[in-house]
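Below is one structure; the comments refer to it alone.
Quick note: numbers below take in every heavy atom, side chains included, and nothing from hydrogens, waters or symmetry partners. Positions are given from 1 along the sequence.
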Amino acid sequence: YNVSGKSGYYALAAQPAGYPSLNVATAAIKKAVDLAAAAAAAGAPARERALIDAMATRYEWPIADGTPALQQTYADAMGKVAAAYPDDADVHAVHAEALMCLSPWDLYEPSTPMWRSAGKALRPIGAKVKAALDAGLAAAPGHVWLSHLKIHFCEMGPVAAFDWAAAEAVRNSDATAAGHLVHMPTHLDIQAGAYATAVRCNVLGYEADLATYAAAPQRCGIYTGYVVHNMEFAAWAAMYGGMRAAAEAAAAKIEGFFTEDVLRMAAPLPTFFEAYSMVP
């Protein structure tokens with residue numbers, strides 16, 4: 001959803017190894033398919049086989065002109081799995097995310113002003129995403145993964161339609177060490193003027209992430225971009241709310257985080273981080 005075909009995903013994924021290589025992905029799913037076939041004879045759960053078979057439609061190697069179209073094939077396959085497991089919230093979450101990746105950050109018809117139009121209409125793909133999310137949340141209200149996706153769904157739409165129950169489900173989950181989840185509800189907070197809450201949650205988010213980074217920096221890689229995103233979000237929320245000291249503190253965190261080791265953790269990071277370097 002965040003690194004889509006439009007933003008150059010398939011150029012990155014054309015590398016033969018590492019992240020995000022479709023060579024690695026297709027080899028992994030082939031192994032899963034083979035294991036699932038062997039396990040079927042031993043009575044392995046049918047749901048897992050269905051999820052594996054759907055995932056096997058998603059990518060190919062080497063990458064060809066038709067590779068991006070496999071995202072639609074995968075979403076269609078996941079729709080069938082979701083229909084077969086209507087009470088399974090995890091399956092609905094996989095289906096909803098597959099649909100969202102067909103049109104990342106573009107689920108609503110354009111309107112003016114973009115962020116505030118109460119009459120902002122869903123695009124057809126947006127309506128499908130909403131149906132998948134709502135089906136999952138009906139099966140399991142407060143499901144954190146679905147609620148996370150629901151925040152992404154809502155944030156591009158009218159503020160009056162924001163799903164605050166989903167935001168609070170994520171905010172109140174027990175995943176307090178997962179900085180991205182602690183941060184995620186602030187995508188709605190900042191649009192609704194809840195600037196102090198947005199600052200507080202982003203500070204908690206980057207503090208959790210920095211603790212993870214200190215314990216195992218080698219495991220962070222591309223996730224370091226999310227660490228800085230929380231710092232930047234705290235700075236902007238503080239600026240919007242007139243909290244100068246909080247804004248300067250968050251900006252200082254960004255400057256302090258950009259060590260050479262961080263910049264070298266993954267190939268795209270130096271270019272990606274350049275935009276964040278203007279926050280101070």
For [X] and [Y], indicate whether the former's side chain and the latter's backbone hold a donor-acceptor pair under 3.5 Å.
| X | Y | answer |
| --- | --- | --- |
| Asn202 | Gly205 | no |
| Ser173 | Ala169 | no |
| Tyr223 | His180 | yes |
| Ser277 | Glu274 | yes |
| Thr26 | Leu22 | yes |
| Trp105 | Tyr1 | yes |
| Arg49 | Ala44 | no |

Residues Lys80 and Asp76 bridged, charged N to O under 4.0 Å: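 No, this pair does not count.
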Arg200/Asp189 salt bridge by N-O under 4.0 Å criterion: no
Aromatic ring pairing Phe153/Tyr108, orientation class (parallel under 30°, perpendicular over 60°, tilted between): tilted
Can the ring centres of [X] and [Y] be said to be less than 6.0 Å apart?
| X | Y | value |
| --- | --- | --- |
| Tyr206 | Tyr226 | no |
| His92 | His143 | no |
| His229 | His187 | yes |

Residues Tyr85 and Asp90: side-chain donor-acceptor under 3.5 angstrom: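 No - no donor-acceptor pair under 3.5 Å links their side chains.
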Side-chain donor-acceptor contact under 3.5 Å, Gln15 with Ser21: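 On atom types as modelled, these side chains do not qualify, holding no pair under 3.5 Å.
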Spatial distance of atom OG1 (Thr73) from atom CE (Met78) [nearest 0.5 Å]: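 Atom-to-atom, Thr73:OG1 and Met78:CE are 14.0 Å apart.
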Separation between CD1 of Ile254 and CZ of Phe273, rounded to the nearest 0.5 Å: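 Answer for the CD1-CZ pair, Ile254 versus Phe273, is 10.0 Å.
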Verdict with supporting geometry, Glu109 and Leu122, side-chain contact (heavy atoms from CB on, under 4.5 Å): CA-CA 6 Å; Glu109 298 290 353; Leu122 283 170; over 6 Å; no
Full working for ring pair (Phe, Tyr, Trp, His ring centres under 6.0 Å) between Phe257 and Tyr213: CA-CA 11 Å; Phe257 188 67; Tyr213 181 79; 5.6 Å; yes
